[in-house]
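Computed from a predicted structure; not experimentally measured.
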Amino acid sequence: MHILLKKIISSFIFNTSLLIMLFIGLQNSNNKYKVNLLLYETVKLPQGFIIGASFISGSILSSISSVKIKNE
């Protein structure tokens, strides 16, 4: 259980630091696009934020699923 908690905390810290670096790096971005969801559109977001947020959310989901798979 101790190793499981340590893995979750380290994953959270790593992904949070990536998100902070993403926000700092995107302050002067000029390329902005809208994301088309099923029924709605988002506001104009920087292209790097869309790609970075997708990467970070995938990293979070994969770390959670790998912890869940090892428990079973």
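To the nearest 0.5 Å, atom OH of residue Tyr33 and atom CD1 of residue Ile50 are 9.0 Å apart. Note that NZ of Lys44 is 11.5 Å distant from CG of Asn31, once rounded to the nearest 0.5 Å. The CG atom of Leu5 sits 9.5 Å away from the OG atom of Ser10 when rounded to the nearest 0.5 Å.
A pairwise comparison of heavy atoms in Lys34 and Thr42 identifies CG-O, 3.6 Å as the closest pair. Across all their heavy atoms, Ser59 and Asn15 have their closest contact at OG-OD1, 3.0 Å.
Connection of Phe49 to Val43 is established within a shared hydrophobic cluster, with ILVMFWY side chains joined at heavy-atom distances below 4.5 Å, either directly or through further cluster members. Put simply, Ile60 and Ile51 are part of two different groups of oily side chains (I, L, V, M, F, W, Y) that touch within less than 4.5 Å, one to the next.
A donor-acceptor pair under 3.5 Å links the side-chain atoms of Ser57 to the main chain of Ala53, judged by distance alone.
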For a quick test of your reading: what N or O donor-acceptor pairs under 3.5 Å do the side chains of residues 16-23 make, sequence neighbours left out?
| residue | atom | partner | partner atom | Å |
| --- | --- | --- | --- | --- |
| Thr16 | OG1 | Phe12 | O | 2.7 |
| Ser17 | OG | Ile13 | O | 3.3 |
| Ser17 | OG | Phe14 | O | 2.7 |

